[in-house]
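Report on the structure given below.
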Protein chains: 2
Amino acid sequence: MSSVLSDDGPGPEDSGAARRRRRSTTAIRESLRELSIQLSLLNHQVGARLGIKDADLDCLDLISRHGPLSPSSLARLAGVHPATLTGVLDRLERGGWVTRERDPADRRAVQVRTLRERAAEVIQLYAGMNSAMEQICAGYDEAELDVLADFLRRTAQAGHGATEELAAR
Amino acid sequence: MSSVLSDDGPGPEDSGAARRRRRSTTAIRESLRELSIQLSLLNHQVGARLGIKDADLDCLDLISRHGPLSPSSLARLAGVHPATLTGVLDRLERGGWVTRERDPADRRAVQVRTLRERAAEVIQLYAGMNSAMEQICAGYDEAELDVLADFLRRTAQAGHGATEELAAR
DNA sequence: TCCGATAGTACGGAACTCATATGTTATCTT
DNA sequence: AAGATAACATATGAGTTCCGTACTATCGGA
């Protein structure tokens, strides 16, 4: 099934194993695309319940994972305009999700960090997805789980690389 | 590493194989979260190059995958307000990405479909990611590829289910 | 034919994004 | 050491977007 957002690779000038292999690779690309959208929509729903916009939730996630960091580096990381990020942080701070504190070492800089108080609400909302994943993972042996985790990690890394390449030029 | 957006599962009252297994499962959850963000950021960059907002690009993707469909069903699918979707379609139509045509059978209804003209631009922007995926997939044998594709498909399905569960209540 | 339901969109107020300007604070230059 | 320059975060304002509501057109049933 050819579609607007992806091509189907080269033509069928070869056959047999290579052909089946390409089918599998294409299937992965397709599934990955579907997965991407579904996770976006899940985040959208979660954000809606919490009164947090999609982009804001992305930022909150980045803050929670990449530790305390400055607004400017967060802006770079999230690919948004610094002035936009001020508004994002205003909303997150007002909602009690993060704090801003001046860096004592460099008083121009600000350190943004997450608060733990409201973490439970978020976990609660992702509970459905988490238990579904638990169930899916239960069907694999440990070697398979490691292969899967490694694949996901490398794919995320590939996404990061592709994003930076686009941002650079 | 405990963080705001996910817990780390039950305590360590068991050990050995079960423990390692839980570590693997957690690694998958973490990688999946990272992947979700990275793909969002990639889409954000791609959208920025095309002058398409994130949500609009999501809608375009949904239209391209789920064939011609009506604005209302698309609104349900994307989880946005119907009036908002009017604006989304206005922008996508103005940009030459989709067309709106009245359904002859039910003249209230509208069918939205993608145009193929500008597809190449999108493919071009995802070329970096696609070739990276190609490279990653090259490292797996066909059985592994099938396992991966199946896992991704089921995970996407889980995301869909979790989203619907949240939207329902 | 009349009436309620449905599909899509127009409208208007509130909120958001981003380019630019501003006020601090750090760093460089000489 | 002092002034110039750069970096950081945020204020400001114009343009855009979101969404609750209202409106028009059309369909299906009594």
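Just so it is clear, the values below take in all heavy atoms, side chains as well, and ignore hydrogens, waters and symmetry mates. Bear in mind the structure is a predicted one, so any value in this text is a computation, not a measurement. Quick note on labels: first sequence line is chain A, next is B, and so on, each numbered from 1.
When atom types are taken as modelled, the side chain of A:R91 and the backbone of A:D56 share no donor-acceptor pair closer than 3.5 angstrom. B:S36 places no side-chain N or O within donor-acceptor distance of the main-chain N or O of B:L32, the cut-off being under 3.5 Å.
To the nearest angstrom, P of C:dC16 lies 10 Å from CG of A:D90. In this structure, the CD1 atom of B:I52 is 16 Å from the C1' atom of D:dT16, given to the nearest Å. As a whole-Å value, the separation of B:L74 CG from C:dG8 P is 10 Å. Rounded to whole Å, the distance from CZ on A:R94 to P on C:dA15 is 9 Å. Going from atom CZ of A:R102 over to atom C1' of D:dA7 covers 12 Å, rounded to whole Å. With rounding to whole Å, A:Q111 atom CD is found 12 Å from D:dC8 atom C1'. If you measure from atom CZ of B:R91 to atom P of D:dG15, you get 18 Å, rounded to the nearest angstrom. Between the CG atom of A:L92 and the P atom of D:dA9 there is a distance of 16 Å, rounded to whole Å.
Judged as a side chain to side chain donor-acceptor pair (under 3.5 Å), and not counting sequence neighbours, B:E117 has no contacts. A:A156 pairs by the side-chain contact (heavy atoms from CB on, under 4.5 Å) definition with B:E34, B:L35, B:Q38, not counting sequence neighbours.
Between A:R154 and A:D150, at least one side-chain N (NZ, or NE/NH1/NH2) sits under 4.0 Å from a carboxylate O, which counts as a salt bridge.
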Contact state string [nucleotides 19-30 of chain D, B base, S sugar-phosphate only, - no protein heavy atom under 4.0 Å]:
BBB---BBS---
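Across all their heavy atoms, A:L115 and A:G96 have their closest contact at CD1-O, 3.6 Å.
Note on B:R100: a side-chain N or O is less than 4.0 Å away from OP1 or OP2 of C:dT9.
Between A:S72 and B:A55, the residue anchored closer to the 5' end of DNA chain D is A:S72, taking for each the nucleotide with the nearest heavy atom.
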